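Comments concern the structure below.
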Amino acid sequence: MTGKTSTVSVDDKQVEMAVKPGSIGPSVIDISKLYAQTGMFTYDPGFTSTASCESKITYIDGDQGVLLYRGYPIEQLAEHGDFLETCYLLLYGELPTPTQKADFDYRVTRHTMVHEQMTRFFQGFRRDAHPMAVMVGSVGALSAFYHDSTDISDPHQRMVASMRMIAKMPTLAAMAYKYTIGQPFMYPKNDLDYTSNFLRMCFGVPCEEYKVNPILSRALDRIFILHADHEQNASTSTVRLAGSSGANPFACIAAGIACLWGPAHGGANEAALQMLQEIGTPDRIPMYIAKAKDKNDPFRLMGFGHRVYKNYDPRAKIMQKTTHEVLSELGIKDDPLLDVAVELEQIALKDEYFVEKKLYPNIDFYSGITLKAMGFPTSMFTVLFALARTVGWIAQWSEMIEDPSQKIGRPRQLYVGEPQRDYVPIAQR
Ligand code: SDX
């Protein structure tokens, strides 16, 4: 075996495995032959030490608080680019030229409408349905409408499905919001940019012209950039696993939305704001810090901690800056929730429990305050996360499909159940 190797001793056996270096970041030990050579599996619940794939899309250095999309630092993309430029970068691997950008924007814009029958599909939901439940259902239902882009072996159909997903998520998200508040759906307008179009579909009404606030639109566009991709997180891994069976892209994205909904993942932005509201005032913070540290209390500080970041989440820093920008544009001088959040962060970052466990604010800690100030209900926060993350899911799904070594994902287990035993007729039990 050429190159660096690692040897595992199993009983009296020495098993040699290849070490594969990344372009940056940790190398991997290729254990794919371990079971065939030793009859043993590796065991890694939660995949804390397991790389599931090779990828060129996003790189995270959790210790340094670094996040790169195709090698470009998130801080620079958030500062200089727009969300559709980031979408192009994640999908194709390079920043677009002006012509490529104009063409991409044009193509996305002209896929923003959904099949008119979808408006009837929505009528089946209760008005008080959680918007994430509506998104799981309606995105999955897209496979019932777009039969001409579900053949994943056809690169053209994959590209069309990708454009449709990126383009239609804002329309479906806005419809999910409008449906829950009993207002009519707003059609997209092709003379608006991606995020302005979304704001108008959410907050505009047919009775009057909607004036987009460019500061808020730019802030939300930046928030979408921050949420666009994040390596092999739980929902992206769900999309990859669903896609590995050959399921159509709409069904795979619906699976990703379902996974993102959990409070340990994308649902944390909704949970974090609810936590800040429950704390209410800075004087109640010590009680909640104590709850978070109490092993017998399931309470966790929502918006704190991360599987990979053991330093400050670089997105949280940009998020915090955006929060202040939005509150100032809206003339919100003192937001009690922001006061609690800032105070909570200060106290937690000095507390030895959080310092020792390297628990820092993550992207979900400040996003809720910003989105609430913009007028979104708490129940829409994870929908916005899903809207932005769709391009990451699609890029990762495409990379998986195009990977020649790709095969259906099928983990094994450590079986700790009953050994084989014979059936006992009920009369003898
Ligand atoms: C996202 O993976 C991604 O990239 C996700 C994401 C993305 O962009 O896709 O970044 C988006 O999901 C961000 C994370 C949002 N979730 C939350 O904010 C929920 C609160 N955070 C935690 O539940 C937790 O920190 C996780 C789920 C984010 C990470 O959990 P891990 O890596 O499995 O860590 P762990 O649960 O093993 O915790 C390690 C220790 C434990 O204590 P011990 O058992 O070692 O004594 O830290 C403690 C935990 O009890 N801990 C917390 C805590 N998070 C971890 N204690 C209090 N409050 C917290 N928030």
Side-chain angles (χ1 to χ4, degrees), residues 44-52 55 57-63 65-69 74 78 86 90 132 223-240 256-276 279 285 287-319 341 344-345 347-349 351-369 381-382 384-393 395-396:
D44 184 15
F47 309 119
T48 53
S49 303
T50 295
S52 60
S55 182
I57 299 171
T58 293
Y59 175 73
I60 302 171
D61 181 331
D63 295 327
V66 169
L67 171 58
L68 309 176
Y69 288 168
I74 189 69
T86 291
L90 289 170
M132 279 298 278
I223 292 171
F224 288 163
I225 292 172
L226 298 180
H227 287 80
D229 192 50
H230 214 236
E231 201 211 67
Q232 305 311 317
N233 58 84
S235 54
T236 297
S237 300
T238 300
V239 171
R240 277 181 172 260
I257 295 171
C259 176
L260 185 75
W261 195 0
H265 190 14
N269 54 16
E270 179 176 353
L273 192 92
Q274 285 160 352
M275 175 191 72
L276 294 174
I279 295 173
I285 290 173
M287 173 175 61
Y288 282 86
I289 294 272
K291 280 171 64 69
K293 292 157 67 172
D294 178 356
K295 276 271 149 274
N296 302 316
D297 190 327
F299 174 79
R300 286 194 165 182
L301 280 190
M302 301 316 283
F304 258 78
H306 199 275
R307 171 63 58 77
V308 178
Y309 288 123
K310 300 309 172 190
N311 196 324
Y312 212 98
D313 182 336
R315 303 169 298 175
K317 278 192 190 125
I318 303 167
M319 195 70 242
L344 175 56
E345 178 185 350
I347 296 173
L349 293 185
D351 184 292
E352 65 183 53
Y353 172 91
F354 294 91
V355 171
E356 185 254 324
K357 292 182 189 300
K358 299 184 178 177
L359 301 174
Y360 292 87
N362 58 51
I363 190 166
D364 295 310
F365 189 62
Y366 284 103
S367 56
I369 296 169
F381 293 176
T382 311
L384 299 186
F385 194 152
L387 187 166
R389 185 54 58 89
T390 293
V391 64
W393 288 330
Q396 299 273 352

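Treat the numbers as computed from the prediction; the structure is a model and nothing was measured. We count ligands from 1, going down the list as the structure has it; atoms in each ligand are counted the same way.
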### Task
Walk me through it: do Q396 and Q232 pass the test side chain to side chain contact (heavy atoms under 4.5 Å, CB included)?
CA-CA 9 Å; Q396 299 273 352; Q232 305 311 317; 2.8 Å; yes
### Query
What's the verdict on side chain to side chain contact (heavy atoms under 4.5 Å, CB included) for Y353 and L359, showing C-alpha distance, side-chain angles and the deciding distance?
CA-CA 8 Å; Y353 172 91; L359 301 174; 3.8 Å; yes
### Task
Walk me through it: do L67 and Y69 pass the test side chain to side chain contact (heavy atoms under 4.5 Å, CB included)?
CA-CA 7 Å; L67 171 58; Y69 288 168; 4.2 Å; yes
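For D364 (side chain) and A268 (main-chain N/O), no donor-acceptor pair under 3.5 Å exists by modelled atom type. At distances below 3.5 Å, at least one donor-acceptor pair connects side-chain atoms of R389 with backbone N or O atoms of H227.
Contacts with ligand 1 closer than 4.0 Å are made by side-chain heavy atoms of R315 only, the backbone lying farther away. Contacts between P263 and ligand 1 below 4.0 angstrom, taking non-hydrogen atoms only, involve the backbone exclusively.
G46 does not count as a contact of ligand 1, since none of its heavy atoms falls under 4.0 Å from the ligand. Assignment of A271 to the shell around ligand 1 is not supported, since no heavy atom sits closer than 4.0 Å. By the 4.0 Å heavy-atom criterion, K295 is counted among the residues contacting ligand 1.
Protein heavy atoms are absent from the space less than 4.0 angstrom from atom 39 (C) of ligand 1. Checking atom 8 (O) of ligand 1 against the protein gives a heavy-atom contact under 4.0 Å. The presence of a protein heavy atom under 4.0 Å from atom 32 (O) of ligand 1 is confirmed.
By heavy-atom distance, the residue among E231, R307, H306, R300 lying nearest atom 36 (O) of ligand 1 is R300. Nearest to atom 14 (C) of ligand 1 by heavy atom, out of D229, N362, T58, L301, is N362. Closest to atom 46 (O) of ligand 1 by heavy atom, among K357, R389, K293, is K357. Proximity annotation for atom 56 (N) of ligand 1: of F354, F365, Y353, Y353 comes nearest, heavy atoms only.
T50 and D44 are linked by a side-chain donor-acceptor pair at a separation below 3.5 angstrom, with hydrogens and angles left out of the test. With no hydrogens or angles considered, no side-chain donor-acceptor pair links N233 and S237 at under 3.5 Å.
Annotation: atom 52 (C) of ligand 1 to nearest protein heavy atom, L359 CD1, 3.5 Å. The nearest protein atom to atom 20 (C) of ligand 1, hydrogens excluded, is given as F304 O, 3.4 Å; this is a heavy-atom distance. Remark: minimum distance from atom 15 (C) of ligand 1 to any protein heavy atom is reached at D364 OD2, 3.2 Å. Of all protein heavy atoms, the one lying nearest to atom 18 (O) of ligand 1 is G303 N, 2.8 Å. When only non-hydrogen protein atoms are considered, atom 12 (O) of ligand 1 lies nearest to H265 ND1, 2.9 Å. With hydrogens left out, the protein atom closest to atom 28 (C) of ligand 1 is G305 O, 3.7 Å, a heavy atom. The protein atom (non-hydrogen) at minimum distance from atom 27 (C) of ligand 1 is A264 O, 3.8 Å. The shortest contact between atom 57 (C) of ligand 1 and any protein heavy atom is with A292 O, 3.8 Å.
When every heavy atom of P361 is checked against every heavy atom of D313, the shortest pair comes out as O-CB, 3.5 Å. Looking at every heavy atom in both residues, M275 comes nearest to L344 through CE-CD2, 3.9 Å.
When side chains are defined from C-beta on, F224 counts as touching L387, because their heavy atoms get closer than 4.5 Å.
Contact atoms of ligand 1 toward A268: 15 (C), 16 (N), 17 (C), 18 (O) (distance under 4.0 Å to a heavy atom of the residue).
Within 6.0 Å of the CZ atom in F47, the count of heavy atoms belonging to other residues, nucleotides or ligands does not exceed 12.
The ring of H230 has its center no closer than 6.0 angstrom to the ring center of H265. The aromatic ring centres of F304 and Y360 sit 6.0 Å or more apart.
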